[in-house]
Every structure is written in structure tokens, then in C-alpha cells.
Amino acid sequence: AQRLRAGLSKTRAQIGGQLSALFSRTRVDDELLEELETLLITSDVGLDATTHLLDVLRERVRRERIEDPARLRDVLKEALTKLIAPLERPLDLDAHKPFIIMIAGVNGAGKTTSIGKLAKHFQAQGKSVLLAAGDTFRAAAREQLETWGARNNVAVIAQDSGDPAAVVFDAVNAARARNIDVVLADTAGRLPTQLHLMDEIAKVKRVIAKADPTGPHEVLLVLDGNIGQNALAQVKAFDAAIGVTGLVMTKLDGTARGGVIAAIAKQHAPSRPIALRYIGVGEGVDDLQPFRAAEFVDALFD
Ligand code: GDP
């Protein structure tokens, strides 16, 4: 929780500081609520989630005759926690063996870094891990993974063929033969401007299903926390192509834009909620943390 607090310091300084100023006023009035609305919209919480939160707040203020700003602060924390709670659904690695995780994201989002951190997390839980070097477009990506795998005792399946689908197919079969628990399948990153070029990763997904009809068991999209509201468009585009089931949001330590998590929660509830599995709050292995809604809100406010 301490690490999380430290990691979220920029978002806290930005949103938290201004919230504190609002909530240290003498009484709750329309002006305070309007300023709160503006603050939330401009801090990447976005219009839909803000409208929802303010509806809840105004209703509670009316019904409970709330006059004390400190009380309103608690109500906001409660409403925000409730809004983002559906995102909190940890992965159940025991559901399948091997548990196949396909990983996608635009270049620079933090895909490779996150794969390394995830592999170590899973190892720490007693799981054997195999990496599939499916990013065959970036010449350095394969070497990077192989070096990393050798150093951390994680098997890496790579190929010279240059066909990511073939690499991933191999990896799933190798994992089965070696009795591996978790497969992390990397895919080629895309430029944010090339979101339409997704046939390749859609093919990777189909080929995983050929190697294991129950898989992939998780389609994980890595998002850069710095991109704010653009995250919504990325989720939409990747979801349309490959059916995203979970998110990793990286680099929340380097940004004041963590409010976008509320926007994502609003966009996806309740039709087919996408889980926010992990958040990245620093460069260290322990800085990739399972997302916990109440802890996240506490770290923002306290
Ligand atoms: P990829 O192109 O998606 O594979 O991106 P990389 O994994 O190479 O990451 C791009 C950069 O972001 C690297 O310098 C990482 O160290 C950095 N990075 C990734 N995750 C985090 C994070 O949670 N916090 C911070 N501060 N940096 C991160």
C-alpha cells in the first residue's frame, strides 16, 4: 500500500490536492459541486464517469442533507470505489493448464517490461512460466526476451520464421509437453496510429485456439497510463479485433492521469466488464501490482 501511495503521488498531487482544497471549505453548496464536476472532467475521469459520480453525489446531498464537505468527501470515495470495483477481478491461473495469456499493446506501452514482471510474479506464486517471443517485427524484442529468460530461469520459445502465429503455436505445444503452468505470449506492438493493422494479432489469437481449443484464457491489453482518455479508444480498437478480457495499466507513477481508470470502468460496465488486472506504479518488479479498487481510492485520497 505504501508503494502504491508513492507510485500514485503525481495523480494524488494533481487531483488530491485540488480535492482537499474543495473539501476544506466550510459548507457543501452548488458552487462546490460544480467545481468538483469541472475538476473531475479535466482530470481524465471523463464526462460520462463524472456525470455518473455527480448524479450520485447530488442525490445523496439532497437525501441526507449533507452540509459538511468532509462527509461529501467520504461519499465521493464510496461512489468512486463502487464505480471502479467491477474492474477488480484477479486472474485465476489455476483455471486451466497451461493458462495461456496473450499480450497486446501499442509500442512503448510497457509490454515487454510488464511481461517480465508478470513472469516473476507468477514464479513467486510457484508457477512455471514459458514466454513466447511473438513480437517478431521488432528485431531486438526476441533477443531482449531471450536474455531476460536465461537470467531469470524462464523458458523462451522463439523462431527465425518471422511468423508470430507459428511461434505462439509452438510455445503452447512446448508448454503442454513440459507441463508448464503459464504461457505468456507476446505479440508485435503497433504504433498508436496503426490501430487498424490488427489482422496479425487476430491471427495469433486464432492459432492459439488451434493449439488449445480452450485458449487463450486471457487477452491482456497493456495500456500506457500517460495517454489519458486515449486509453478508451485503444481498448475499443483492440477489443474489436481480439476480444480483450483484461488490462494492465503501466506508468501510473509518471502521470497525473490515473483518473482514466474511472472512465474505463464507466465505459465497460455493466455490459461486458473488462478487468483491470494489474497497474504499474514504477520500474521495479514489485511495482506491478494487482489492481484493488478500495486500496487505489485510498491511495488517491489519503
Ligand atoms: P513495449 O514497447 O510495449 O514493449 O514497452 P517497454 O516494455 O519496452 O517499456 C517502455 C518504457 O516504459 C521502458 O523504459 C520501461 O522501463 C517503461 N515502463 C514500463 N512500465 C512502467 C511503469 O509502470 N512505470 C514506469 N515509470 N516506467 C515503466
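Atoms within each ligand, like the ligands themselves, are counted from 1 in listed order. Keep in mind the model is a prediction, meaning the values are calculated, not measured. The basis for the numbers below is simple: all heavy atoms, side chains too, and nothing from hydrogens, waters or symmetry mates.
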Counting distance only, does the side-chain N/O of [X] pair as donor-acceptor with the main-chain N or O of [Y] below 3.5 Å?
| X | Y | value |
| --- | --- | --- |
| Arg257 | Asn226 | yes |
| Thr11 | Gly259 | no |
| Arg12 | Arg5 | yes |
| Thr245 | Val219 | yes |
| Glu67 | Val28 | no |
| Asp186 | Gly134 | no |

Check your understanding: Which bit of Asp287 is near ligand 1, meaning a heavy atom under 4.0 Å away: side chain, backbone, both or neither?
Key ->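 It is neither part, as no heavy atom is under 4.0 Å.
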
Among protein heavy atoms, which sits nearest to [atom], and what does the distance come to when rounded to 0.1 Å?
| atom | result |
| --- | --- |
| atom 13 (C) of ligand 1 | Thr113 OG1, 4.2 Å |
| atom 12 (O) of ligand 1 | Lys251 CE, 3.3 Å |
| atom 26 (N) of ligand 1 | Asp253 OD2, 2.7 Å |
| atom 3 (O) of ligand 1 | Lys111 N, 2.7 Å |
| atom 14 (O) of ligand 1 | Glu283 OE1, 4.6 Å |
| atom 20 (N) of ligand 1 | Thr250 CB, 3.8 Å |
| atom 4 (O) of ligand 1 | Thr112 OG1, 2.5 Å |
| atom 5 (O) of ligand 1 | Gly110 N, 3.1 Å |

Practice item. Enumerate the atoms of ligand 1 whose separation from the nearest heavy atom of Val106 is less than 4.0 angstrom. Key: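 What qualifies from ligand 1 is 3 (O).
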
Point to revise | Ligand-side contact atoms (ligand 1) for residue partner Gly280, heavy atom cut-off under 4.0 Å | key: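 Contacts of ligand 1 toward Gly280, numbered from 1: 23 (O).
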
Do any heavy atoms of [X] fall under 4.0 Å from ligand 1?
| X | answer |
| --- | --- |
| Ile279 | no |
| Gly108 | yes |
| Gly254 | no |

Point to revise | Sole candidate of Asp94, Leu93, Asp181, Val182 that passes side-chain contact (heavy atoms from CB on, under 4.5 Å) when paired with Gln125 | key: Leu93

Exercise for review: Please confirm whether Gly282 comes within less than 3.5 Å of ligand 1 when only nitrogen or oxygen atoms on both sides are compared.
Suggested key: yes

Practice item. For His217, check ring-ring contact (aromatic ring centres under 6.0 Å, His included) against everything at least two apart and list the hits. Key: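 His96, Phe99.
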
Exercise for review: Please list, chain by chain and in numerical order, all residues satisfying ring-ring contact (aromatic ring centres under 6.0 Å, His included) with Phe291, sequence neighbours excluded.
Suggested key: Phe296

Practice item. Please assess Lys266 against Asp48 for the test salt bridge (Lys or Arg N to Asp or Glu O under 4.0 Å), listing each intermediate value before the final yes or no. Key: CA-CA 7 Å; Lys266 186 71 183 86; Asp48 287 353; over 6 Å; no

